[in-house]
Structures are given as structure tokens and as C-alpha cells.
Amino acid sequence: QVQFVESGGGLVQPGGSLRLSCVASGRIFSIHTMGWYRQAPGEQRELVADIRSGGGTNYADSVKGRFTISRDNAKNTVYLQMNSLKPEDTAVYYCHALIPTTVAGDLDYWGGGTLVTVSS
């Protein structure tokens, strides 16, 4: 019964900024890792950034220095602040989480995706 609500996608001009949010809800006691992936047309899905429960982060080389991932553990929410956006950032962005269970170990959960379009 875990589900995600994503928001913040849209159309933005090159050099602009967007902030994506993803809220996890349901019977959640903890989340090990939350992150953002993206998939451009005709391309494979790739990791953009993720953040562990203790705050450690990973970023794709293509977004380092421009994107910042953060989380609010009390709200089970992950954010992606995207600055200096480029046309090549255009993609569907997916929220992802690893959630521990008592019977099946860690399980992968995905949001439905939100479209980010960077264009003049």
C-alpha cells in the first residue's frame, strides 16, 4: 500500500530552475535510500541522484554542481533542486525508494514519473 506523490515538473527555459518533490505514504517505518532517476526519449533510465537515510549522497557526473538532493525523514519526502537546467536534462523524472520490510528484505518502489522539459 506504499505510494508516492511527485510534483514540480514542467516546462522551463535553459538556465532556469525547478524543484521536484516526492512524498512517500503508507505503512512505512523507514526508508533506506531515496533517489531520482530520469529517462529521456529513446534512452535508458539512469540514476540522477540518491540519498541514504544518514544523509550520504551520490550524483551523476552530468548533474554535479547543478542539482542537489535532500530529504526530510519525518515527512518521508525527497527533493531534487535543479539549477542551471540544460536541454539535455529533458526527461521523465522518477522517484525511487528502497524500503525495508520484515518479510522480504528491501523492496524497490517507484513513482509514476514527472516530465521536465527544458526548452526556449
Side-chain angles (χ1 to χ4, degrees):
Q1 66 268 36
V2 177
Q3 59 184 1
F4 297 86
V5 178
E6 300 173 338
S7 63
L11 175 65
V12 64
Q13 294 183 330
S17 298
L18 287 173
R19 190 193 193 206
L20 305 183
S21 300
C22 177
V23 181
S25 63
R27 294 286 293 177
I28 301 172
F29 297 99
S30 65
I31 302 176
H32 286 170
T33 303
M34 300 187 77
W36 292 93
Y37 291 71
R38 67 186 182 187
Q39 187 167 20
E43 302 291 335
Q44 294 183 326
R45 188 174 299 185
E46 64 175 352
L47 173 69
V48 177
D50 62 21
I51 182 167
R52 297 183 293 277
S53 59
T57 59
N58 293 300
Y59 293 93
D61 288 341
S62 60
V63 307
K64 287 181 179 177
R66 300 188 297 119
F67 292 9
T68 302
I69 190 169
S70 61
R71 65 189 288 170
D72 185 334
N73 290 332
K75 298 179 179 179
N76 287 328
T77 301
V78 63
Y79 307 94
L80 186 67
Q81 178 66 47
M82 304 185 293
N83 298 325
S84 301
L85 284 162
K86 304 174 181 179
E88 51 262 45
D89 294 318
T90 296
V92 177
Y93 285 70
Y94 297 91
C95 178
H96 170 263
L98 284 175
I99 300 178
T101 72
T102 59
V103 297
D106 291 353
L107 297 179
D108 289 276
Y109 289 88
W110 294 91
T114 184
L115 178 63
V116 172
T117 302
V118 184
S119 179
S120 298

- Can you run down the salt bridge (Lys or Arg N to Asp or Glu O under 4.0 Å) pairs that involve residues 74-100, sequence neighbours left out, and say none if there aren't any? Arg38-Asp89, Arg66-Asp89

- For the residue pair Tyr109 and Phe4, does the interplanar ring angle fall in the parallel (under 30°), tilted (30 to 60°) or perpendicular (over 60°) class? tilted

- Message: Please find the pair of heavy atoms, one from Ser17 and one from Asn83, that lie closest to each other, and give the distance.
- Response: OG-OD1, 2.9 Å

- Item | Considering all heavy atoms, the nearest Tyr59-Ile69 contact | OH-N, 2.9 Å

- Which atom pair, heavy atoms only, marks the closest approach of Cys22 to Glu6? SG-CG, 4.1 Å

- Query: Going hydrophobic residue to hydrophobic residue with side-chain gaps under 4.5 angstrom, can you get from Val78 over to Val116?
  - Reply: yes

- Taking all atoms of both residues into account, what is the closest heavy-atom pair of Arg71 and Ile31, and its distance? NH2-O, 3.0 Å

- Query: If you measure from CZ on Arg52 to NE2 on His32, what distance do you get to the nearest 0.5 Å?
  - Reply: 12.5 Å

- Check: Val5 and Ser25 side chains under 4.5 Å, non-hydrogen atoms: no

- Task: Check each of Leu18, Leu20, Leu85 against Phe67 using the side-chain contact (heavy atoms from CB on, under 4.5 Å) test, and report the only one that passes.
- Result: Leu85

- Please list, chain by chain and in numerical order, all residues satisfying side chain to side chain contact (heavy atoms under 4.5 Å, CB included) with Thr117, sequence neighbours excluded. Leu11, Thr90, Leu115, Ser119

- Query: Leu107, Met34: one ILVMFWY side-chain cluster at the under-4.5 Å cut-off?
  - Reply: yes

- Item | Residue pair Ile51 / Ser70: nearest heavy atoms and the distance that separates them | CD1-CA, 3.9 Å

- Could you tell me the separation between the CG atom of Asp106 and the OG1 atom of Thr101, rounded to the nearest 0.5 Å? 7.5 Å

- Item | Single-linkage hydrophobic cluster, 4.5 Å side-chain cutoff, Met82 and Tyr79 together | no

- Hey, what's the ring geometry for Trp110 with Tyr94, parallel, tilted or perpendicular (30° and 60° as the breaks)? perpendicular

- Message: When you compare the side chain of Asp50 with that of Thr57, does any pair of heavy atoms fall below 4.5 Å?
- Response: no

- Val23-Trp36 co-clustered via ILVMFWY side chain contacts under 4.5 Å: no

